[in-house]
Every structure is written in structure tokens, then in C-alpha cells.
**Student:** 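Right, I'll just put the structure down here and ask away after.
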Amino acid sequence: MVTDYRDEEYFDGSIVKVCLLQVDTFWKSFYFILCITVFFGLPLGVLVILYTIIACHLMSNAGLAASTSHTANLRYRRQVVMMLGAVVVSFFIFLLPFRALTLCIIIAPPEYFSSLGIEAFYNILYFSRIMLYLNSAVNPILYNLMSSKFREGFRRLLHIRSKEGLNRKGTVTTTTLTTTNSARKSSSDNHLLKKSVVRVISLEEKRILDNGIATKINLIGHNGVIKADESYV
């Protein structure tokens with residue numbers, strides 16, 4: 001309904017079949033402007049609003065982020081906020097050339113593109129289309145560059161061991177079996193179960209403990225403290 005297929009004289013004088021998108025009526029102009037609004041302006045506005053809300057909640061609520069030390073927690077939240085911002089900026093940059101070119105074709109007079117020359121026009125057109133296609137593939141690249149969790153999950157998907165996983169906190173509970181050399185009075189005396197807890201902490205927290213900057217009690221915070229009968233690695 002918006003295209004016109006016909007014979008047209010090429011720049012070298014030959015007659016070729018062409019498919020034209022001539023914006024010569026109000027409804028054709030309305031159609032293309034509606035496409036720009038629905039597929040560029042509206043999604044961009046939704047991304048900005050939702051990601052701004054997510055970023056504000058993430059920065060104001062420490063419990064929503066990873067349960068690590070305060071410094072690592074703050075660094076992680078900033079990393080997520082930067083990643084969300086990069087997604088919005090990349091969406092705007094990659095889709096803007098094609099939408100701007102479409103709007104320019106609607107508004108600018110035909111003489112403007114004739115003055116550019118056919119080679120320059122096609123270079124702009126192909127560049128805009130390539131940027132449009134790249135937008136569909138850039139998000140995983142951004143996540144990989146800016147998110148350590150995404151990289152770790154991707155390595156885990158490929159069954160590749162990551163050194164970063166060793167620096168993350170967790171709790172390892174081990175049970176040690178001890179036998180007595182005394183006379184066997186009952187089955188309960190034969191085997192005494194001794195429970196020991198080893199907490200796995202980050203290298204940064206281990207350095208703080210080793211340097212005496214913080215005590216075991218106040219280091220972990222809301223994630224649980226290292227008690228006197230526990231060890232850490």
C-alpha cells in the first residue's frame with residue numbers, strides 16, 4: 001500500500017525495475033511517523049522510565065544486591081546501573097540513524113537527496129541498516145563486558161571454570177568423624193560427631209581481617225558473622 005513498483009531510468013540511462021517508497025500523501029507520511037513513534041520513541045521512553053526506577057531502587061536498597069561486603073556491594077550495584085544505562089544508550093545510538101533517515105526522507109525535498117549523489121545516499125542507507133541490525137545483537141555483548149555475573153553464568157553454561165567464583169562468599173559446612181580409643185561402652189560413645197563451619201569469603205575481606213582493620217564479628221554484616229569457633233578461607 002505504500003510502495004510503487006515500476007520501470008525507471010537509471011543514472012546511466014538504462015531502464016530498470018525499481019521499488020519506490022514515495023511519501024507523497026498525508027497517510028503515507030502518517031504511516032512512517034507512526035512507525036518511528038511506535039518502534040523507536042515509545043520503547044526508548046519505556047526503557048528510560050523503567051531502568052531509572054530500577055536504578056533508584058537498586059541504589060537505595062542495599063539488600064537487593066549481592067550479599068557481600070559494603071564496598072563490594074556498592075561496586076556491584078554501580079556496575080548494574082551502568083549496564084542498564086549502556087543498554088538504553090546503545091538502543092538510542094543504534095536505532096537513531098535509520099529513524100532519522102526515514103524522517104529526513106519525509107521532511108526534506110527530493111532535491112536534497114539528488115544533490116547528495118546516489119553513492120552517498122546508499123552509503124548512508126546501508127550504514128543505517130547495519131546499525132539497525134546490530135541493535136539486535138549488542139545486548140549480550142554489553143552484558144559480557146560490564147557484568148561479572150553474566151560472564152560467570154556464560155562460563156558455567158560452557159562448563160568453563162572461573163577464578164572469580166573462588167572469590168565469592170559462601171558457607172561450607174563440614175562434619176568430622178572422631179573415634180575414641182577407650183572401651184566401647186555404647187554405640188554413642190564409639191563415634192563423636194564434631195561439626196565445624198568454614199566460611200568462604202572474598203580476597204578483599206580476607207585482606208581486611210589479616211591486616212586487623214576489622215574483626216570477624218563486624219565484617220560479614222547482615223549476611224551472618226564469623227563466630228569464634230569458625231574459620232575462614
Side-chain angles (χ1 to χ4, degrees), residues 1-58 78-158 160:
M1 296 176 63
V2 296
T3 59
D4 186 17
Y5 182 71
R6 64 172 185 261
D7 294 332
E8 195 72 32
E9 183 178 354
Y10 205 47
F11 68 94
D12 59 357
S14 60
I15 303 299
V16 296
K17 298 287 186 179
V18 295
C19 183
L20 301 176
L21 288 172
Q22 290 184 318
V23 188
D24 51 4
T25 64
F26 168 79
W27 289 111
K28 288 184 178 181
S29 301
F30 176 78
Y31 167 77
F32 285 106
I33 294 176
L34 182 65
C35 288
I36 295 174
T37 303
V38 172
F39 298 110
F40 179 67
L42 183 61
L44 180 62
V46 171
L47 281 175
V48 171
I49 294 174
L50 293 183
Y51 282 6
T52 300
I53 295 175
I54 293 174
C56 291
H57 278 279
L58 193 61
R78 287 177 177 174
Q79 185 184 73
V80 175
V81 172
M82 290 179 59
M83 185 176 65
L84 295 179
V87 171
V88 176
V89 172
S90 66
F91 179 87
F92 175 78
I93 292 177
F94 282 93
L95 265 66
L96 180 63
F98 186 81
R99 301 306 177 186
L101 178 62
T102 304
L103 192 61
C104 184
I105 292 175
I106 297 174
I107 298 176
E111 294 78 13
Y112 173 76
F113 292 99
S114 300
S115 62
L116 285 178
I118 189 169
E119 184 177 356
F121 173 77
Y122 276 109
N123 287 336
I124 297 174
L125 177 63
Y126 292 150
F127 170 77
S128 301
R129 286 181 175 176
I130 290 174
M131 294 288 284
L132 182 68
Y133 300 146
L134 285 178
N135 176 70
S136 301
V138 71
N139 280 6
I141 299 175
L142 290 176
Y143 297 153
N144 184 71
L145 292 176
M146 307 188 68
S147 173
S148 58
K149 283 185 174 292
F150 184 90
R151 290 193 297 270
E152 181 181 344
F154 189 70
R155 292 191 187 102
R156 189 164 57 249
L157 182 65
L158 299 179
I160 300 176

**Student:** Give, for atom OH of Y51 and atom CG of L58, the distance between the pair rounded to the nearest 0.5 Å.
**Tutor:** 13.0 Å
**Student:** Would you indicate whether F150, at its atom CZ, is surrounded by more than 12 heavy atoms from other residues, nucleotides or ligands within a distance under 6.0 Å?
**Tutor:**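 Yes - once you tally the heavy atoms of other residues, nucleotides and ligands closer than 6.0 Å, there are more than 12.
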**Student:** Can you name the closest pair of heavy atoms from M146 and R151 and give their distance?
**Tutor:** N-NH1, 4.1 Å
**Student:** Measuring from L47:CG to L84:CG, what's the distance to the nearest 0.5 Å?
**Tutor:** 10.0 Å
**Student:** Could you tell me which residues satisfy ring pair (Phe, Tyr, Trp, His ring centres under 6.0 Å) with F113, sequence neighbours excluded, listed by chain and number?
**Tutor:** F121
**Student:** Could you tell me which non-hydrogen atom of D12 sits nearest to which non-hydrogen atom of S14, and how far apart they are?
**Tutor:** OD1-OG, 2.7 Å
**Student:** Testing the basics here: between M83 and S147, what is the closest heavy-atom pair and its distance to 0.1 Å?
**Tutor:** SD-CB, 3.6 Å
**Student:** Quick one: sort the W27 and F30 rings into parallel, tilted or perpendicular, breaks at 30° and 60°.
**Tutor:**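 Ring orientation, 0 to 90° scale: perpendicular.
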**Student:** Rounded to the nearest 0.5 Å, how far apart are CG of L42 and CG of L34?
**Tutor:** 10.5 Å
**Student:** About how many Å separate CD1 of I130 and OH of Y126, when rounded to the nearest 0.5 Å?
**Tutor:**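 With rounding to 0.5 Å, OH (Y126) is 10.0 Å from CD1 (I130).
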**Student:** Donor-acceptor pairs under 3.5 Å, side chain of residues 90-100 to any protein atom, not counting sequence neighbours: which ones?
**Tutor:**
| unit_1 | atom_1 | unit_2 | atom_2 | d |
| --- | --- | --- | --- | --- |
| S90 | OG | A86 | O | 3.1 |
| S90 | OG | V87 | O | 2.9 |

**Student:** Any idea which heavy atoms bring M1 and K28 closest together, and the distance?
**Tutor:** O-CE, 3.9 Å
**Student:** To the nearest 0.5 Å, how far apart are SG in C35 and CG in L103?
**Tutor:** 12.5 Å
**Student:** Got a second to check how far T102's OG1 is from L125's CG, nearest 0.5 Å?
**Tutor:** 9.0 Å
**Student:** Considering only distance and modelled atom types, tabulate donor-acceptor pairs under 3.5 Å from the side chains of residues 137-145, sequence neighbours left out.
**Tutor:**
none

**Student:** Would the distance check show the side chain of E8 and the main-chain N or O of V16 forming a donor-acceptor pair, the cut-off being under 3.5 Å?
**Tutor:** no
**Student:** Quick check: do K17 and D7 have side-chain heavy atoms less than 4.5 Å from each other?
**Tutor:**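 A side-chain contact under 4.5 Å exists here.
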